[in-house]
Amino acid sequence: MLQKRPWRQCLDLSSFKSVRAFVAEFQRKKLPLHVLINNAGVVNKALRLTEDGFEETFQVNHLSHFLLTNLLIDNLAQSPPSRVVVVSSRMHSLSKFSFDLSDINYHGRAAQFNGQRAYCNSKLANIWFSYYFDSLFAEKGIRSNALTPGFIPTTSITRSYSPTAQFVYKSILSRLPFCSTEEKGGEAIAHLATSADLQDTGGKFFYLGQEMASSRESHDWEKMKKLWDLSLKWTQLV
């Protein structure tokens, strides 16, 4: 039975402490969990480190989603069939991913920080996470898929940009025919989360409701497992 009012709780993905507090409160309420949508994301113009010591884009877009999902595995497994939807981007194909934490955090190289590169790397991490998660937990009735909602200039992901850049994104780029909208992006996410046709589908990448191929790099299982193992370590799950 649906509650008359949805339950809401703040979650700061730039803080592992906040993620753990969120999960503890959710589990205290003993609510079922059928779908988990990992959608939050940032793009920064300058280097920012979180309280946990990670480059903010990498933590918000990947590590905190990784931590959140892993802490909720038992909840998802208790509500089969359940789904994890990971929002990535076609920009994952431009990634030049490094497994060296000093590279990820730009140690001693703050002036060389490239926000778009950090974003692309985090989006490849999203797909690796989604594919590897599905391979581990499909047998428990939890399926995971990734998607790109398309290029949507009107979202708040450009919050760190200058007012002029935000105006260009929201008032000019949004009018171009190749751009998507928040409504279409939301429908694409809802499709992966609720479509009966996808109940037994996992380890795939979608664009606006249609399956599409992700990059060759995104199917590198050796790198996929390496990121999984490092993410367990970095989020202190092991």
Side-chain angles (χ1 to χ4, degrees), residues 1-41 52 59-88 122 125-149 185-206 209 211 214 218 221 224-238:
M1 180 180 297
L2 294 176
Q3 298 183 44
K4 292 183 179 180
R5 292 185 178 182
W7 171 72
R8 298 182 300 173
Q9 183 179 337
C10 291
L11 171 59
D12 180 1
L13 290 172
S14 68
S15 165
F16 292 155
K17 180 180 179 181
S18 177
V19 173
R20 292 181 182 277
F22 175 91
V23 171
E25 178 63 14
F26 177 82
Q27 292 175 335
R28 187 186 68 80
K29 291 182 175 295
K30 300 187 183 301
L31 297 171
L33 181 59
H34 300 287
V35 179
L36 176 61
I37 300 173
N38 293 319
N39 179 44
D52 301 292
Q59 178 163 338
V60 170
N61 295 9
H62 167 62
L63 284 177
S64 285
H65 285 140
F66 179 92
L67 176 61
L68 176 69
T69 307
N70 275 278
L71 291 176
L72 291 171
I73 285 174
D74 288 344
N75 302 83
L76 289 162
Q78 291 166 9
S79 306
S82 53
R83 307 182 193 188
V84 175
V85 177
V86 182
V87 180
S88 181
S122 73
N126 288 158
I127 298 180
W128 276 340
F129 165 56
S130 179
Y131 288 176
Y132 201 75
F133 182 94
D134 187 76
S135 74
L136 294 178
F137 298 104
E139 291 185 356
K140 290 190 174 184
I142 314 172
R143 304 310 305 260
S144 176
N145 290 293
L147 82 152
T148 172
E187 289 171 0
I189 294 170
H191 176 71
L192 258 64
T194 63
S195 173
D197 293 339
L198 299 176
Q199 180 171 304
D200 298 317
T201 299
K204 304 295 183 182
F205 184 64
F206 291 81
E211 184 179 340
S214 57
S218 71
W221 284 87
M224 209 181 294
K225 184 179 187 306
K226 184 174 183 179
L227 179 63
W228 180 275
D229 291 342
L230 285 171
S231 297
L232 287 174
K233 176 183 176 182
W234 291 335
T235 57
Q236 299 182 359
L237 288 171
V238 294

Can you name the residues that form a side chain to side chain donor-acceptor pair (under 3.5 Å) with [X], not counting sequence neighbours?
X	answer
Gln27	Asn75
Thr235	none
Asp12	Ser14
Glu211	none

Q.
Taking the basic N atoms (NZ, or NE/NH1/NH2) and the acidic carboxylate oxygens, is any pair closer than 4.0 Å for Asp229 and Lys225?
A. yes

Looking only at heavy atoms, what is the nearest atom pair of [X] and [Y], with distance?
X	Y	result
Gly209	Ala188	N-CB, 4.2 Å
Gln9	Ala21	NE2-O, 3.8 Å
Asn126	Val87	OD1-O, 3.3 Å
Asn61	Ala40	OD1-O, 4.2 Å

Partner residues of [X] under the side-chain contact (heavy atoms from CB on, under 4.5 Å) criterion, sequence neighbours left out:
X	result
Leu136	Tyr132, Trp228
Lys30	none
Asp52	Phe16, Thr50, Phe54, Gln59

Within the structure provided, determine whether [X] and [Y] are in side-chain contact (heavy-atom separation under 4.5 Å).
X	Y	result
Pro80	Ile142	no
Glu25	Arg28	yes
Ser88	Phe205	yes
Phe22	Leu71	no

Q.
Once salt bridge (charged side-chain N to carboxylate O under 4.0 Å, His left out) is applied, what residue pairs with a partner in residues 129-142 remain, sequence neighbours excluded?
A.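 Output for this query lists Asp134-Arg143.
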
Q: Could you list the residues that satisfy salt bridge (charged side-chain N to carboxylate O under 4.0 Å, His left out) with Arg8, not counting sequence neighbours?
A: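 For Arg8 there are no salt bridge (charged side-chain N to carboxylate O under 4.0 Å, His left out) partners, ignoring immediate neighbours.
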
Q) Can you list the residues that meet the salt bridge (charged side-chain N to carboxylate O under 4.0 Å, His left out) rule with Lys226, with sequence neighbours excluded? A) none

Atom [atom1] in [X], atom [atom2] in [Y]: separation rounded to 0.5 Å?
X	Y	atom1	atom2	result
Leu63	Ser231	CG	OG	5.0 Å
His34	Ser79	NE2	OG	4.5 Å
Asn145	Ile127	CG	CD1	11.5 Å
Leu232	Leu227	CG	CG	9.5 Å
Asn38	Phe133	CG	CZ	9.0 Å
Ile73	Phe137	CD1	CZ	3.5 Å

Under 3.5 Å, which donor-acceptor pairs link side chains of residues 189-198 to any protein atom two or more places apart or in another chain?
{"residue": "Thr194", "atom": "OG1", "partner": "Ala190", "partner atom": "O", "Å": "2.7"}
{"residue": "Ser195", "atom": "OG", "partner": "Asp197", "partner atom": "N", "Å": "3.3"}

Q: Would you sort out whether His65 and Leu13 count as a side-chain contact (heavy atoms from CB on, under 4.5 Å), showing the intermediate values?
A: CA-CA 8 Å; His65 285 140; Leu13 290 172; 3.4 Å; yes

Q) Taking atom NZ of Lys29 as the centre, does the number of heavy atoms from other residues, nucleotides or ligands within less than 6.0 Å exceed 12? A) yes

Q.
Determine whether Phe129 and Thr69 satisfy the following criterion, side-chain contact (heavy atoms from CB on, under 4.5 Å), listing intermediate values before the conclusion.
A. CA-CA 10 Å; Phe129 165 56; Thr69 307; 3.7 Å; yes

Q: Take Leu67 and Leu237 through the test side-chain contact (heavy atoms from CB on, under 4.5 Å) and record every step on the way to the result.
A: CA-CA 8 Å; Leu67 176 61; Leu237 288 171; 3.7 Å; yes

(Q) Test of understanding: with ring-ring contact (aromatic ring centres under 6.0 Å, His included), list the residues that count as partners of Tyr131, not counting sequence neighbours. (A) His219

Q: Could you give me the CA-CA distance, side-chain angles and deciding distance for Ser82 and Leu33, then say whether side-chain contact (heavy atoms from CB on, under 4.5 Å) is met?
A: CA-CA 7 Å; Ser82 53; Leu33 181 59; over 6 Å; no

